Protein chains: 2
Amino acid sequence: MQKVTMADVAKLANVSKSTVSQYLNKRYEYMSEETRRRIAGAIEQLQYRPNVIARSLKQKSTATIGVIVFNILHMLTTQVLRAIEDMCQQHDFHVIVCNTDDDPEKEKKYIDMLWAKQVDGFIIFPTGKNVDLYKRMIEARLPVVFVDRTVEGIDVDAVLLDNERAVQLGMHYLIEQGYKHIGLVAPPFAPHVIPRTERINAFRYALREANLPIKEEWIITEQVKHISGRLDALLQRNKLPEAIFAINDLTLMEVLTFVKRRQLTIPHDIALISIDDVPFASIYTPSLTTIAQPAFEMGEKATERLFMQMGGEISPQMFRLAPKLIERDSAKKRGDKGE
Amino acid sequence: MQKVTMADVAKLANVSKSTVSQYLNKRYEYMSEETRRRIAGAIEQLQYRPNVIARSLKQKSTATIGVIVFNILHMLTTQVLRAIEDMCQQHDFHVIVCNTDDDPEKEKKYIDMLWAKQVDGFIIFPTGKNVDLYKRMIEARLPVVFVDRTVEGIDVDAVLLDNERAVQLGMHYLIEQGYKHIGLVAPPFAPHVIPRTERINAFRYALREANLPIKEEWIITEQVKHISGRLDALLQRNKLPEAIFAINDLTLMEVLTFVKRRQLTIPHDIALISIDDVPFASIYTPSLTTIAQPAFEMGEKATERLFMQMGGEISPQMFRLAPKLIERDSAKKRGDKGE
DNA sequence: TTGTAGGCGTTATCAT
DNA sequence: ATGATAACGCCTACAA
């Protein structure tokens with residue numbers, strides 16, 4: 001596979017390995033034009049490619065970072081990842097991507113392996129369950145940035161959506177449009193899933209703040225596949241809320257499935273707003289009002305912090321990035337025609 | 001960062017480095033229970049982590065592959081990538097992901113860098129423009145698999161959609177449903193973009209085969225952002241085809257934008273079928289008939305071949321994976337109500 | 001059953 | 001200006 005080494009180049013160019021090394025590292029200062037030319041020739045002729053692994057061993061740096069995510073198939077993840085890769089590309093760094101499926105065991109294994117592989121840093125969407133391991137990473141002064149979730153008791157850079165604000169934006173909008181009976185759909189409550197928890201809490205808070213009723217049957221926190229069934233049940237009993245807040249794209253899809261199956265009209269029969277600006281939001285009928293996460297900014301911020309950590313000690317900080325309400329037609333005022 | 005080495009463990013356990021090495025590589029056979037225990041203890045106590053880089057240097061294998069794609073944001077890419085990562089996970093391999101944006105320069109740079117990094121293999125969505133480089137990789141016996149596109153004159157494993165079949169499936173379906181005036185929307189023609197070329201050709205072929213008219217104004221190969229404008233122009237002149245075949249998700253979106261803006265009804269005013277099973281296909285109204293690419297299978301096949309290459313010489317092959325028509329409502333028979 | 005010595009392909013130090 | 005030599009951390013004969 002890889003056969004020709006620096007020694008071969010040196011021999012062919014009639015110089016020592018050290019000189020070749022100098023050349024490769026562009027320390028031309030004391031090098032004669034002549035030598036330089038001979039080395040260049042030899043490299044070309046032999047199709048020599050320096051072995052970065054050997055260099056890494058010596059220099060203790062691999063120019064590689066590990067990115068550990070739940071599932072690359074989620075749009076947020078993909079976008080964050082794209083931003084990370086773009087920034088790494090500029091620094092001639094590479095990105096190793098790992099999917100955990102939110103399984104702490106897999107997460108642990110990946111962190112251990114990447115650590116052993118001497119990656120220069122980690123960007124992690126943490127499961128939150130490997131507290132000891134996270135701590136050890138910090139102690140070892142490994143550069144680490146968390147994205148999407150934080151973990152209690154871990155003092156580390158974290159880049160998160162401002163979930164309170166996201167919900168507030170959506171709720172204020174709905175209320176402003178005249179909706180009073182508002183429901184929420186979310187996956188099952190799980191305390192370590194920060195965004196979910198924060199969103200559900202903020203939802204309750206927004207209702208309380210506006211003196212609107214909090215009906216528990218309208219707060220659907222349920223496995224995604226059961227959500228549309230729950231909505232069916234409400235419809236059956238004529239107890240649908242006027243508007244629904246979907247806390248992410250997955251739950252939004254379930255609501256839309258339900259709406260289609262029941263042939264309801266949005267926003268007349270039920271208004272809809274969601275976090276995550278799905279790609280079809282503007283071509284759906286009616287177009288969907290959404291609260292967009294600044295995914296690229298999140299990726300950029302995370303990478304920026306990681307490089308700062310690699311550059312030297314900095315004290316950990318938490319960043320809350322601002323969501324953006326994109327008004328379309330799915331939650332227009334009651335009575336307005338949707339479109 | 002990483003301070004404790006095998007020597008430290010050896011010293012603490014009162015054995016030699018080789019013994020520790022034996023232990024790490026699970027060659028326990030001739031090792032006393034006692035020694036084993038001492039080593040385990042030392043490792044635990046020192047929180048020792050073997051340095052995989054050093055190991056790689058010796059063993060000439062990094063257990064890492066490079067995956068070079070156009071853009072991870074494309075759904076097909078994401079899904080293929082997920083499949084690749086899953087399979088690599090089973091083999092304790094890692095995946096480095098690189099975005100080229102279809103820029104040959106970036107592609108070249110990535111291949112060079114990953115090669116220097118001694119990755120054990122490549123899975124590439126090739127731009128097709130670095131022919132010399134591809135050839136050198138093959139000559140160097142680097143394991144390589146192409147996905148989505150092949151490159152003329154490069155003898156290498158390739159995993160592609162059966163594009164002819166995909167178009168045929170869609171066209172037969174449309175024709176069977178009674179459509180005779182059928183148009184196509186695609187990004188601009190570019191010979192090296194295999195899927196696009198094959199799909200456009202197959203489209204013409206299907207019309208010819210069915211003795212249907214080929215109207216050039218219905219074959220829209222245009223920058224995506226101009227597509228809906230072109231459709232507008234046709235509508236203006238009352239020259240819309242009865243049905244449109246969108247060759248991918250991007251062009252589909254443009255058609256849907258047009259349809260929404262003009263308030264047309266699918267399939268009554270215009271029927272629609274597309275390659276790529278977009279996530280909202282079933283919740284759109286009407287639900288969208290699509291031709292799905294077997295993205296996961298493509299990723300699995302590519303990875304399988306890559307591992308086979310790493311296992312030993314095999315002769316390159318081209319794989320054409322079968323698309324699948326998913327019938328929904330957007331191209332139902334003329335006259336039928338579209339649910 | 002365990003230890004010694006050399007090598008993997010670079011880089012860094014110090015001579016020359 | 002260039003070269004010799006010793007690391008880097010691990011693996012592998014081979015020796016003991």
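Since this is a predicted model, take the numbers as computed values, not measurements. Every chain is numbered from 1 and lettered A, B, ... according to where its sequence line falls, protein lines coming before strand lines.
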Length of the line joining [X]:[atom1] and [N]:[atom2], which is rounded to integer Å:
X       : N      : atom1 : atom2 : value
B:Ile39 : C:dT1  : CD1   : C1'   : 11 Å
A:Gln22 : D:dA4  : CD    : C1'   : 13 Å
B:Ile53 : C:dT11 : CD1   : P     : 14 Å
A:Lys11 : C:dG9  : NZ    : C1'   : 14 Å
B:Lys58 : C:dC8  : NZ    : C1'   : 5 Å
A:Arg49 : C:dT10 : CZ    : P     : 13 Å
A:Ile43 : C:dT10 : CD1   : C1'   : 14 Å
B:Glu34 : C:dT2  : CD    : C1'   : 13 Å

>> Measuring from the side chain of A:Lys17 (C-beta onward, heavy atoms only), which nucleotide among D:dG9, C:dT10, D:dT12 has the closest atom?
In response: C:dT10
> Between C:dG3, D:dC10, D:dG3, which nucleotide gets closest to the side-chain atoms of A:Ser16?
Replying inline: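 My answer, after comparing the listed nucleotides, is D:dG3.
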Under-4.0 Å side-chain N/O to phosphate OP1/OP2 contact, [X] with [N]:
X       : N      : result
B:Tyr23 : D:dC10 : no
B:Lys60 : C:dG9  : yes
B:Asn25 : D:dC11 : yes
B:Thr5  : D:dG9  : no

>> Determine whether a donor-acceptor pair (one donor, one acceptor, N or O, separation below 3.5 Å) exists between the side chain of B:Ser18 and the base of C:dT4.
In response: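 Per atom types, the contact qualifies.
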Looking for any heavy atom pair under 4.0 Å, which part of the strands does [X] touch: base, sugar-phosphate only, or nothing?
X       : value
A:Met6  : base
B:Ser32 : sugar-phosphate
B:Asp8  : nothing
A:Thr35 : sugar-phosphate

> Considering all heavy atoms of both residues, which atom of B:Thr78 and which atom of B:Ile72 are nearest to each other, and what is their separation?
Replying inline: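 The answer is OG1-O, 2.8 Å.
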> Start at the 5' end of DNA chain C and walk down; is the nucleotide closest to A:Val20 or to B:Asn14 reached first?
Replying inline: B:Asn14
> Which sits closer to the 5' end of DNA chain D, A:Thr19 or A:Leu57, going by the nucleotide each is nearest to?
Replying inline: A:Thr19
> Checking side-chain contact (heavy atoms from CB on, under 4.5 Å) for the pair B:Arg136/A:Arg49: CA distance, chi angles, key distance, verdict?
Replying inline: CA-CA 12 Å; B:Arg136 257 181 281 135; A:Arg49 298 169 177 278; 3.3 Å; yes
>> Does atom CD (B:Glu105) have a neighbourhood of more than 12 heavy atoms from anything else shown, all under 6.0 Å?
In response: no
>> Using a 6.0 Å cut-off, check whether atom NZ of A:Lys106 has over 12 heavy atoms from anything other than its own residue.
In response: yes
> Relative to each other, are the rings of A:Phe307 and A:His91 parallel, tilted or perpendicular (30° and 60° limits)?
Replying inline: parallel
> With sequence neighbours left out, which residue pairs that include part of residues 133-152 of chain A fulfil the ring-ring contact (aromatic ring centres under 6.0 Å, His included) condition?
Replying inline: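 Residue pairs passing ring-ring contact (aromatic ring centres under 6.0 Å, His included), neighbours aside: A:Tyr134-A:Phe146.
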